[in-house]
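Below is one structure, written out as structure tokens, with a few remarks after it.
Predicted model, so just to flag it, every value in this text is computed and none were measured. Sequence lines set the chain letters: A, B, ... in the order given, protein chains first and strands last, and positions in each chain run from 1.
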Amino acid sequence: MKSEGLRIQRPAVIGAGTMGMGIVEVLAGNGFSVQVVELSQDLFNDALQKMDKRLLRRVEKGKMAAREREEILGRIRYVPAINNLDQVDLVIEAVVENLAVKQEVFKDLGACTSPDTILASNTSSLSITGIAAKTTRPERVLGLHFFNPVPRMALVEVVAGMATSPALVEAVSEWIRTLGKEPVKVKDVPGFLVNRVARPFHTEAYRIVQEGTAGKAQVDRIIRSAGFKMGPFELQDLIGIDINYAASVSVYEGYFHDPRFRPHFVQQRMVESGALGRKTGKGHYSYES
Amino acid sequence: MSRNIAVLGKGSLFTAVCRFLRERGFAPLTLEQLADHDVCAVVDVNPGVDGQKRQQLQLAEARISPQTPIYTSTLHRTATEIASWLSVPERVVGFSPLGLEQFPVLEVACPLQAEEVKGWDQHLRLAESWGKQVERVGDQPGLVFPRILSLLVNEAAFALSEGISSKEEIDTAMKKGTNFPFGPLEWADRVGIEQIAAVLEGMQREWGDDRYRPAPLLKKMIYAGYVGIAAGRGFYHYQDAKLGG
Ligand SMILES: NC(=O)c1ccc[n+]([C@@H]2O[C@H](COP(=O)([O-])OP(=O)(O)OC[C@H]3O[C@@H](n4cnc5c(N)ncnc54)[C@H](O)[C@@H]3O)[C@@H](O)[C@H]2O)c1
């Protein structure tokens, strides 16, 4: 497919949460001036401060020049609402994972930006096709699925919805590469690629433990011995057992209950118990000091 | 005690096990050589999808003492089923032959027939003498790691055949997006497609659960002989392996 030779100059990010600010940091770090929409100036300020803490730590460690930090911060601008966006050519949406909220955002984006503007969603489980259908130009809508933490994870899934222009997917993928990221083109299927293919790593581990084949610590030891950095249970404690359970359920529902994706009731029990992993001090393992 | 070990099986796994044993000062023998030599153990790496495994194990058992342990690959069948073919079932140690040369851990399983037999643990000393951290797990086809790997490969094979992404993209995505040490498809080529399918079919047979049905693409690759690096072709082409033999 011939590339359009994309030249992005004025990107924007909607939603200054964990993912949104990670994306902002990568864009500003690559020299882009970024417009950021949040629900309120206060929420934005908090998010910016959190990001700045990360930058300061890198400056302290000598991994970033003080000047570079100032330049990055200087490139980030708060915008109170979508209709205040100023001549943007790429918008990356990273608001809460809720189809109705996202569709509303895309309806506004479709109405308030130029017809050429590329509209991307960072959704991890919703259909790009469904989000795109709310705009008047679904061919300019695609998924840009970054991974957490964005500044450190190289992968970006570039998701083509049913109506997305194939040339656009190519061009955006090439542009992603210029950010120092690794684009992978995927179709708009439940869980896209990574969340789908990684599912059994987690759900099968639960079955192995529940049926009495091995203990959790044993599974983690065996899997680490095979070369993984972490076993499934320690990894879930890191990413959050609730997040992992939600991903399992969403892929299972997305494939209309194909048994390959069947979650495990123990996942649900863990979530119900409130032991969600490191963030609550207890998950599969205990982290209280 | 004899340092001879009879090794049953064929292909790249057989070669790898022989190399592994030689490096540790053991002498691997074939089934044919068994007639004239004492051995301290039998190590069988046949996945056991066809009748070869049973036949070879029964031949080997007729030529060894009743105390000699038999380590057998439980990628496709449980140690319990394999033990049921033998006259001294309680000598059987199920194990995973995958990564024998690389992994610090060796997964083993005890057949049901030996669960109440005192002294079965003695058979594990051999694996410990190889420098392995032995993990005793339940007796299921594929044990722990081969089972999880096989399901990851299966899902990647489904995704590939559905055209979700290219094979290179699938491998890249799993390495960069989740820190897998290898992509699932390149990993399958290393391990051998037939080993992966053997685990899936074994689980499907024992549990009757559609969760484990192998991707039709994996079966087709086996029909076509595209079973991995050893064959010169799996998901990827390996020109050098083919030329070098
Ligand atoms: N957290 C992850 O690991 C991860 C990974 C990949 C993708 N994602 C996806 O990224 C998206 C964001 O996730 P997150 O973890 O950053 O969530 P988050 O809750 O940290 O951030 C969401 C932000 O969006 C803001 N917001 C909500 N509605 C808005 C609106 N209408 N306009 C502007 N801002 C609005 C919220 O105030 C909040 O700051 C979700 O779609 C999620 O599925 C998350």
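- Atom CD of B:Glu135 and atom OG of A:Ser225 lie 8.5 Å apart (nearest 0.5 Å).
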Show, in sequence, the C-alpha distance, side-chain angles and deciding distance for A:Phe228 and B:Asn179, and conclude whether the side chain to side chain contact (heavy atoms under 4.5 Å, CB included) test is met.
CA-CA 7 Å; A:Phe228 288 86; B:Asn179 293 324; over 6 Å; no
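- No part of B:Asp139 comes within reach of chain A, as not one of its non-hydrogen atoms sits under 4.5 angstrom from that chain.
- Residues B:Val137 and A:Ile222 meet the side-chain proximity criterion, which asks for heavy atoms closer than 4.5 Å.
- Per-residue counts of heavy-atom pairs under 4.5 Å with chain A were compared for B:Gln133, B:Arg136, B:Lys175, B:Glu168; the largest is that of B:Arg136.
- Put simply, of A:Met230, A:Arg224, A:Arg199, A:Gln218, the one with the most heavy-atom pairs under 4.5 Å next to chain B is A:Gln218.
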Please assess A:Arg196 against B:Ile164 for the test side chain to side chain contact (heavy atoms under 4.5 Å, CB included), listing each intermediate value before the final yes or no.
CA-CA 11 Å; A:Arg196 168 181 166 177; B:Ile164 308 302; 3.9 Å; yes
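- Contacts between A:Val186 and chain B at a heavy-atom distance below 4.5 Å involve backbone atoms as well as side-chain atoms.
- Each of A:Ala154, A:Ala198, A:Ala160 has some count of heavy-atom pairs under 4.5 Å with chain B, and the biggest count is that of A:Ala198.
- Using a cut-off of 4.0 Å between Lys/Arg side-chain N and Asp/Glu carboxylate O, A:Arg207 and B:Asp209 are scored as salt-bridged.
- Look at B:Arg147 and A:Glu211 and you find a salt bridge, because one of the NZ, NE, NH1 or NH2 atoms lies within 4.0 Å of a carboxylate O, short of that distance.
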Test B:Met174 against A:Val197 for side chain to side chain contact (heavy atoms under 4.5 Å, CB included), laying out the working first.
CA-CA 8 Å; B:Met174 300 316 289; A:Val197 175; 3.9 Å; yes
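- Atom CD of B:Glu23 has more than 12 neighbouring heavy atoms from other residues, nucleotides or ligands inside a 6.0 Å radius.
- For the set B:Gly163, B:Ala109, B:Ser96, the entry with the most heavy-atom pairs within less than 4.5 Å of chain A is B:Gly163.
- Residue with the most contacts toward chain B among A:Arg262, A:Lys229, A:Met153: A:Arg262 (heavy-atom pairs, distance under 4.5 Å).
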Between A:Lys181 and B:Lys176, does the side chain to side chain contact (heavy atoms under 4.5 Å, CB included) criterion hold? Intermediate values first, please.
CA-CA 10 Å; A:Lys181 296 286 177 195; B:Lys176 299 269 161 92; over 6 Å; no
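- Most heavy-atom pairs under 4.5 Å with chain A, from the set B:Val153, B:Leu151, B:Asp210: that is B:Leu151.
- Contact annotation for A:Asp258: only side-chain heavy atoms (C-beta onward) come within less than 4.5 Å of a heavy atom of chain B.
- Interface remark: A:Glu182 contributes side-chain atoms only to the contact with chain B (heavy atom separation under 4.5 Å).
- Top candidate by heavy-atom pairs under 4.5 Å with chain A, chosen from B:Tyr212, B:Phe180, B:Phe158, is B:Phe158.
- With a threshold of 4.5 angstrom between heavy atoms, B:Ile170 approaches chain A through its backbone and through its side chain.
- B:Glu169 places a side-chain N or O within 3.5 Å of a backbone atom of A:Lys185 that can act as its donor or acceptor partner.
- A:Phe201 and B:Ile148 make their closest contact through CD1-CG2, 3.8 Å (heavy atoms, listed as atom of the first residue, atom of the second, distance).
- Checked by atom type and distance alone, the side chain of B:Arg211 pairs as donor or acceptor with a backbone atom of A:Pro259 at under 3.5 Å.
- Going from atom CG of A:Leu155 over to atom OG1 of B:Thr178 covers 9.0 Å, rounded to the nearest 0.5 Å.
- B:Arg24 CZ: more than 12 foreign heavy atoms inside a 6.0 Å radius.
- You'll find the side chain of A:Ile208 stays beyond 4.5 Å of the side chain of B:Gln140, heavy atoms only.
- Between A:Lys187 and B:Glu162 there is no salt bridge, since no side-chain N of the basic residue sits under 4.0 Å from a carboxylate O of the acidic one.
- With a threshold of 4.5 angstrom between heavy atoms, B:Phe182 does not approach chain A through any atom at all.
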